Protein chains: 2
Amino acid sequence: MKEFLAITKALSDEGRVRILLALRGGELCVCQLIELLALAPSTVSRHMAILRQAGLVELRKEGRWAYYRLAGEEAPPMVRRALDWVVESVGRNARAQEDRRRLKEILRIDKEELCKLLKEG
Amino acid sequence: MKEFLAITKALSDEGRVRILLALRGGELCVCQLIELLALAPSTVSRHMAILRQAGLVELRKEGRWAYYRLAGEEAPPMVRRALDWVVESVGRNARAQEDRRRLKEILRIDKEELCKLLKEG
DNA sequence: TCTACAATTCGCCATACATCGAAATGTAAT
DNA sequence: ATTACATTTCGATGTATGGCGAATTGTAGA
């Protein structure tokens with residue numbers, strides 16, 4: 001029950017749901033999610049910790065960068081079904097499509113460049 | 001997205017999840033849920049309002065009594081899948097089984113009798 | 001009409017959570 | 001070694017949420 005509630009709580013924030021949907025296209029760097037959601041780095045980092053604690057996303061660290069991806073096939077059925085449910089329920093949402101569009105643009109920018117831009121404003 | 005978040009928020013409280021699982025056996029009166037969860041009537045009523053707003057349960061009023069049941073087949077797929085997910089994830093939980101046992105006993109008591117007992121404490 | 005009563009709504013309190021900026025962490029480059 | 005920098009952790013603040021008791025609502029019976 002605790003694990004289940006960790007998932008439902010993780011899913012009960014719009015920003016975190018948007019993150020999960022954005023990760024459908026493959027792993028993303030934290031700075032890319034910061035740009036997408038327009039939130040403070042500390043806030044996004046906290047969101048990722050919550051998603052990770054719930055088992056919904058996995059982390060890969062490479063140098064200074066942190067890449068997050070959706071939980072894989074080996075994840076517990078409870079988690080897999082949660083992710084499927086999210087995608088089927090809000091994957092075609094207006095907000096989700098807008099994010100998809102913006103994400104394409106964000107991915108065009110080099111990561112290093114993107115981080116610089118974030119600092120300036 | 002708003003409807004989806006209404007569901008995830010509704011599901012992110014243990015008491016409300018227990019209520020949904022208890023309703024698997026068919027509709028229940030509010031006083032029966034009060035007894036099962038050992039919460040104040042006002043609290044249970046609020047929980048039911050949240051579940052109803054999310055579309056997860058339906059209400060039937062009969063005289064002074066209010067009966068709640070799980071959303072039916074005609075409910076949106078998002079809701080149906082949520083309920084299926086809940087049942088499959090925590091339906092066999094220890095807490096859920098204990099509730100099932102206690103619910104059997106509660107259902108043996110006449111509703112009028114049960115309400116009287118609740119007043120006394 | 002008046003009373004009893006199941007359920008709901010309201011007002012209040014304590015706790016949990018989202019957010020931010022500042023400080024800390026750890027890695028890469030100079 | 002030192003600096004630069006992506007990310008995380010920490011501390012503070014405002015808002016949301018769960019809980020209760022009191023007051024309200026609406027229905028059934030006296």
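What you see is a predicted model; the values in this text were computed from it and never measured. Every heavy atom of this structure was used, including side-chain atoms; hydrogens, water molecules and symmetry mates were not. Sequence lines set the chain letters: A, B, ... in the order given, protein chains first and strands last, and positions in each chain run from 1.
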- Message: Need one value for A:Leu37: base, sugar-phosphate or nothing, where a base atom within 4.0 Å counts as base even if backbone is also close, heavy atoms only.
- Response: nothing
- Message: Closer than 4.0 angstrom, basic N to acidic O: yes or no for B:Arg101 and B:Glu98?
- Response: yes
- Grab the CG-P distance between B:Leu114 and C:dC5 for me, whole Å please. 15 Å
Anything under 3.5 Å between a donor and an acceptor, one on a side chain of residues 45-59 of chain A, the other on a protein residue two or more places apart or in another chain? List them.
residue : atom : partner : partner atom : Å
A:His47 : ND1  : A:Arg16 : NH1          : 3.0
A:Glu58 : OE1  : A:Arg69 : NE           : 3.1
A:Glu58 : OE1  : A:Arg69 : NH2          : 3.1
A:Glu58 : OE2  : A:Gly72 : N            : 3.3

- Just wondering, more than 12 heavy atoms not from B:Gln97 lying within 6.0 Å of its CD? yes
- Query: What is the nucleic acid contact for A:Arg52, judged by heavy atoms within less than 4.0 Å: base, sugar-phosphate only, or nothing?
  - Reply: nothing
- Message: Salt bridge check, B:Asp99 against B:Arg95: does any charged N sit closer than 4.0 Å to a carboxylate O?
- Response: no
- Item | Separation of C:dC17 C1' from A:Asp13 CG (nearest whole Å) | 9 Å
- Give the B/S/- string for nucleotides 3-9 of chain D, one per nucleotide from 5' to 3', where a protein heavy atom under 4.0 Å of the base yields B, of only the sugar-phosphate yields S, and otherwise -. --BSSBB
- Judged by atom type as modelled, is there a donor-acceptor pair below 3.5 Å linking the side chain of A:Arg24 to the main-chain atoms of A:Leu21? yes
- Message: I want to verify a distance call: between D:dG19, C:dA18, C:dG21, whose nearest atom is closest to the A:Ala40 side chain?
- Response: C:dG21
- Item | Chi angles and distances behind the side-chain contact (heavy atoms from CB on, under 4.5 Å) call for B:Trp65, B:Arg60 | CA-CA 9 Å; B:Trp65 285 274; B:Arg60 179 174 73 88; over 6 Å; no
- Message: Does C:dC17 have OP1 or OP2 under 4.0 Å away from a side-chain N or O of A:His47?
- Response: no
